[in-house]
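Basis for what follows: all heavy atoms, side chains included, without hydrogens, waters or symmetry-related copies.
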Protein chains: 2
Amino acid sequence: MATPVSAVHPHSAGLRERKKQKTRDALVDAAHRLFLQQGYAKTTVDEIAASVEVSQRTFFRYFANKEEVALAVLADAEETFLELLRGRPAAESPLEAMRGAVRQVWHSLDQGRVAERGTVTGALELFELIESTPTLLAAHLRHTLHQEVEVARVLADREGLDPAVDLRPRLLAAVFGTVVRLSHLSYAAAPDQHGHCMDGMLSLIERHFDQLGPALAGSWR
Amino acid sequence: MATPVSAVHPHSAGLRERKKQKTRDALVDAAHRLFLQQGYAKTTVDEIAASVEVSQRTFFRYFANKEEVALAVLADAEETFLELLRGRPAAESPLEAMRGAVRQVWHSLDQGRVAERGTVTGALELFELIESTPTLLAAHLRHTLHQEVEVARVLADREGLDPAVDLRPRLLAAVFGTVVRLSHLSYAAAPDQHGHCMDGMLSLIERHFDQLGPALAGSWR
DNA sequence: AGCCATTATGTCAGTCGCTGACAATCGACA
DNA sequence: TGTCGATTGTCAGCGACTGACATAATGGCT
C-alpha cells in the first residue's frame with residue numbers, strides 16, 4: 001500500500017517488514033505473469049504460491065482472495081490518486097482538481113513510481129486482462145465504486161459540504177469515474193491510434209470530457 | 001426471461017415448459033427467502049435446492065452460479081426496461097425517452113408485472129441485500145455495465161448513430177445508470193422520507209437529475 | 001550470547017461453489 | 001405403445017477459501 005511513513009531507521013523499518021514486502025511483491029509479480037501467460041481462470045492459487053515457494057495458506061494471509069492479487073497494483077494507483085487529489089490547490093474547481101490529479105497519476109506511473117511495479121504498458125495489459133475476465137471485472141467495478149465514495153468525500157471536504165446532504169460530490173465523482181473508464185476502454189480498443197504513451201491516454205480523457213456537455217444536451221442533432 | 005412469444009397453445013406451450021418455469025420460479029423464491037432470512041453467505045446452494053426438492057446439479061442447470069439466482073428478478077426488470085425504451089416515441093430526446101421508460105418500469109413493477117415475482121417492496125429488500133453483500137454487489141455492477149452497453153446501443157439506433165464512433169450514447173447511458181443507482185441508495189437509506197411507494201422513488205430520481213447540471217458546473221458556491 | 005514474546009509460516013482437515021460424465025426418467029409425438 | 005430427445009439425479013473430483021494447531025523465524029531485553 002504505497003509504503004507507509006516508515007523509513008526512519010537505517011534498515012528501513014526492520015528486516016521483518018522488508019521480507020514481508022518482498023514476498024508480497026513476488027506474489028503480485030508471479031500472479032501477474034501467470035495470469036497474462038495462461039489466463040486468470042486457468043491459473044490456480046497453488047501455482048502462484050508454488051512459484052514463490054510459499055504455501056497456499058500464506059498466499060491467503062496476504063490477499064483475501066484471488067482477485068485481490070490481480071488488482072493490487074490498481075489499488076495502489078487509486079490510493080495515489082486520492083493523495084494527489086487532496087494535495088491540489090484549493091483554488092481549483094472540483095473538476096479542474098480531478099483532471100489535474102489524473103494527469104499526475106499517469107506521470108508518476110510513467111516514471112515507474114506508484115509501488116514500483118506499475119508501468120504504463122503494464123497497466124494497459126492489466127486493463128485488458130480485467131475486461132476479458134468476468135470475475136475480475138466485477139471485482140474491479142466494486143473497487144471503483146468504493147473509490148468513487150472516497151473521491152466524493154475528498155471533494156466535499158474541499159468545498160466544505162456535507163456529502164450526505166449534497167449530492168453533487170457523489171454525482172461528479174461517478175461521472176468522472178465513468179469518463180476515465182470509457183477512456184481506458186477506447187484506448188485499449190486501439191492503442192496504436194493514440195501514440196502508445198501517457199499523453200495519448202490523457203488527451204483521450206480530455207476529449208471524452210468535452211463530449212459530456214453535448215451528451216447531456218437535449219437533442220443530439 | 002419475461003416469457004417468450006409462446007402462449008399459442010391451450011396448455012401454454014406444453015407441460016414441459018410450464019414445469020421448468022415452475023421450478024425456476026420456485027428456486028428464485030426459495031433463494032430470495034433464505035437470503036433475506038439468514039444472509040447470502042450463510043445460505044448454501046444445497047439448502048436452496050433441497051427446499052425445492054431438487055438436486056444441487058439441477059440448480060446449476062438453471063443458474064450459472066449462486067449470484068445469478070439472487071439477481072434474476074433484476075435481470076427481468078432490466079430486460080423490460082430495454083423493451084420499453086425501444087418503444088418510446090422517436091420524437092423524444094434520448095434523456096426524455098429514458099426518463100419515460102424508468103417511469104414505466106416502476107409502474108409495471110407496481111402492478112405486479114415484470115415476471116410476476118417483482119414487487120416494489122421486494123425490489124427494495126433486494127437492493128438492500130445487494131448493497132450489504134460484496135459478492136452480490138460486484139456481480140450486480142457487472143450486470144449494470146452490460147445493461148449500459150445495451151442501452152447505449154438502443155439510443156444510438158434511435159438517433160441513427162454509430163456507437164463505436166460517437167461517444168455520447170455510451171456516456172449518457174452511464175450517467176443515467178449512475179443517477180438511478182444513487183437514487184436507489186438515497187431511497188434505501190431513508191425509505192420513510194419518500195413515501196414508501198413508487199412515486200417517492202420517481203421524484204427522487206427526478207431531483208437527482210436536476211442536480212446533474214449544477215454538479216458539472218465549474219464552481220459549486 | 002541467551003531467553004522470551006510476538007509474529008510469520010506450514011500442515012491438515014474440512015466446507016462450499018461448481019463441473020463433467022454417465023445413467024435413469026420423463027414428456028412429446030408418431 | 002414405443003421411440004427419441006430433453007430433464008434430472010448420482011457420483012466423483014477440482015479449486016477457492018477457512019479454522020485450528022504446530023513450528024519456525026524475528027526483534028527486544030538482559
- Task: Would you please test A:R153 and A:E150 for salt bridge (charged side-chain N to carboxylate O under 4.0 Å, His left out) and show each step?
- Result: CA-CA 5 Å; A:R153 194 198 313 277; A:E150 294 298 312; 3.3 Å; yes
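- Once you apply a 4.0 Å limit to the heavy atoms of chain A, the touched nucleotides of DNA chain C run 5' to 3' over C:dT6 to C:dT11.
- Residues of residues 127-143 of chain B that place a heavy atom closer than 4.0 Å to DNA chain D do not occur.
- Shown here is A:Q37, whose CD atom has more than 12 heavy atoms of other residues, nucleotides or ligands within 6.0 Å.
- Rounded to the nearest 0.5 angstrom, B:T144 OG1 and B:L74 CG are separated by 7.5 Å.
- Residues B:L155 and B:L172 have side chains in contact (heavy-atom distance under 4.5 Å, counting atoms from C-beta outward).
- In this structure, CD of A:E67 is placed 12 Å from C1' of D:dC17, rounded to the nearest angstrom.
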- In B/S/- notation, 5' to 3', how is nucleotides 2-13 of chain D contacted by protein heavy atoms closer than 4.0 Å? ---BBSBBB---
- Message: Please evaluate residues B:M201 and B:L124 with respect to the criterion side-chain contact (heavy atoms from CB on, under 4.5 Å), reporting the C-alpha separation (whole Å), side-chain torsions for both, the decisive distance (0.1 Å), and the verdict.
- Response: CA-CA 10 Å; B:M201 177 65 81; B:L124 294 179; 4.0 Å; yes
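- Atoms OH and CD1, on B:Y40 and B:I130 in that order, are 10.5 Å from each other to the nearest 0.5 Å.
- Here CD of B:Q56 is found 12.0 Å from CD of B:E47. Values are rounded to the nearest 0.5 Å.
- Side-chain contact between A:E125 and A:T121 is absent, with no heavy-atom pair separated by less than 4.5 Å.
- Using a 30° and 60° split on the angle between ring planes, B:H140 and B:F127 fall in the tilted class, from 30° to 60°.
- At least one donor-acceptor pair closer than 3.5 Å links the side chain of A:S132 to the backbone N or O of A:L129.
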